[in-house]
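Heads up: the structure comes next, in structure tokens.
Chain naming here is simple, since letters A, B, ... match the order of the sequence lines and numbering starts at 1 in each.
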Amino acid sequence: MAPSSEASHLPPLERDVLRGRAEVVAPALLGTLLVRIESDGSRSVARIVETEAYRQDDPASHSHAGRTPRTEPMFAAPGTAYVYRSYGVHWCCNVTVEEEGVGAAVLLRAARLLRGHELVRPRRVAAKQDRDLLRGPGRLTQALGIDGPRHDRTDLLDPRNTVLLADDGWRPPQTAVRAGGRVGVRLAAGVPWRFWIAGQPEVSPYRPHPRAERPT
DNA sequence: CGCCGGATGTCCT
DNA sequence: GGACATCCGGCGC
């Protein structure tokens with residue numbers, strides 16, 4: 001029998017979940033799964049514990065200035081990956097949300113690794129503890145081998161692809177979902193569109209932008 | 001734990 | 001040229 005059959009039975013995330021406004025979808029994705037399928041069929045599975053919402057009318061969003069070659073995927077159909085380079089060195093992975101033509105996305109900031117430790121460890125040699133493996137958006141992509149050339153513009157709900165959003169039905173208790181300012185953004189720093197599961201050690205440490213402008 | 005500098009692709013609303 | 005949705009290692013407390 002095929003060794004991958006068990007993992008392949010993880011149900012995909014429902015696309016309709018992604019059609020709502022970014023700041024509604026972002027907390028709704030807490031507890032869902034990110035799956036990385038290697039070329040040999042082996043899989044890593046991680047539980048999403050921290051997200052951030054970005055949308056077109058939001059000064060902190062890449063889509064705020066309109067379409068560019070880089071931000072084009074933000075305007076694609078819901079479920080599309082928007083993978084961009086951060087500070088020239090790291091990759092960050094977003095899921096496009098809202099309707100096609102609207103520049104909105106949810107940044108996947110942190111996750112807890114459930115399976116695939118042996119696949120992730122060699123890509124995250126700098127991680128001193130397991131909780132640091134996918135703690136932060138740059139670390140998350142490095143851990144799962146997500147990058148622009150391979151994954152930008154791919155459909156995260158198409159089971160033929162190598163990075164997928166899945167759903168095993170688990171969700172955090174409502175009382176454990178927290179909201180606050182987004183990490184490292186200068187504009188609209190007070191908008192509480194970062195969401196995380198309280199008590200999860202994989203949630204990335206909050207760090208304000210050095211010149212954050214907060215609304216009065 | 002906190003602060004600092006270095007790495008550097010893509011954009012200038 | 002400067003800013004940026006980041007991370008890491010080195011240093012000091």
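Across all strands shown, His209(A) has heavy atoms under 4.0 Å from sugar-phosphate atoms exclusively, and none from any base. Looking at heavy-atom distances under 4.0 Å, Val89(A) makes contact with a base. Among the heavy atoms of the strands lying under 4.0 Å from Ala60(A) is at least one base atom, whether or not backbone atoms are also near. Here Pro69(A) lies in heavy-atom contact (under 4.0 Å) with sugar-phosphate atoms only. In this structure, Arg124(A) reaches the sugar-phosphate backbone alone: every heavy-atom distance under 4.0 Å involves primed, P, OP1 or OP2 atoms, never a base. At the heavy-atom level, Arg182(A) lies nowhere under 4.0 Å from the strands shown. Contacts of His90(A) with the nucleic acid, taken as non-hydrogen atoms under 4.0 Å apart, include base atoms.
Stacking is not found between Tyr87(A) and the pyrimidine-like six-membered ring of the dA7(B) base under the 5.5 Å centre-distance and 30° plane-angle cut-offs.
When the C1' atom of dT6(C) is taken as reference, atom CZ of Arg207(A) falls 7 Å away, rounded to whole Å. In this entry the distance linking CG of Asp132(A) with C1' of dT6(C) reads 14 Å, nearest Å.
Close to dA5(C), at under 4.0 Å from its OP1 or OP2, lies no side-chain N or O of Arg109(A). Remark: Arg139(A) is in phosphate contact with dC8(C), judged by side-chain N or O atoms under 4.0 Å from OP1 or OP2. Residue Thr68(A) places at least one side-chain N or O closer than 4.0 Å to OP1 or OP2 of dC11(B).
The backbone N or O of Pro78(A) lies less than 3.5 Å from a partner atom in the side chain of Arg15(A), making a donor-acceptor pair. In terms of modelled atom types and a separation under 3.5 Å, the side chain of Thr96(A) and the main chain of Pro73(A) share a donor-acceptor contact. Between the Asp152(A) side chain and the Val83(A) main chain, a donor and an acceptor come within less than 3.5 Å of each other. Between the side chain of Asp147(A) and the main chain of Arg150(A), a donor-acceptor pair closer than 3.5 Å is present. Remark: the backbone N or O of Leu133(A) is paired with a side-chain donor or acceptor of Arg124(A) at under 3.5 angstrom.
The gap from the P atom of dA5(C) to that of dT13(B) amounts to 15 Å, rounded to the nearest Å.
Toward the 5′ end of DNA chain B lies the nearest nucleotide of Ser86(A), the other residue of the pair Ser86(A) and Arg67(A) mapping further downstream. Where His64(A) and Gly88(A) meet DNA chain B, the nucleotide closest to each residue was compared, and Gly88(A) sits on the side nearer the 5' end.
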Task: Secondary-structure string, 5' to 3', Watson-Crick or G-U under 3.5 Å, | for another-strand partners, for DNA chain B - done: |||||||.||||.
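When each of Arg109(A), Gln200(A), Arg178(A) is checked for a side chain to side chain donor-acceptor pair (under 3.5 Å) with Glu50(A), only Arg109(A) meets the rule.
Cation-pi contact between Arg182(A) and Tyr54(A): present, with separation from the ring centre below 6.0 Å and deviation from the ring axis of at most 45°.
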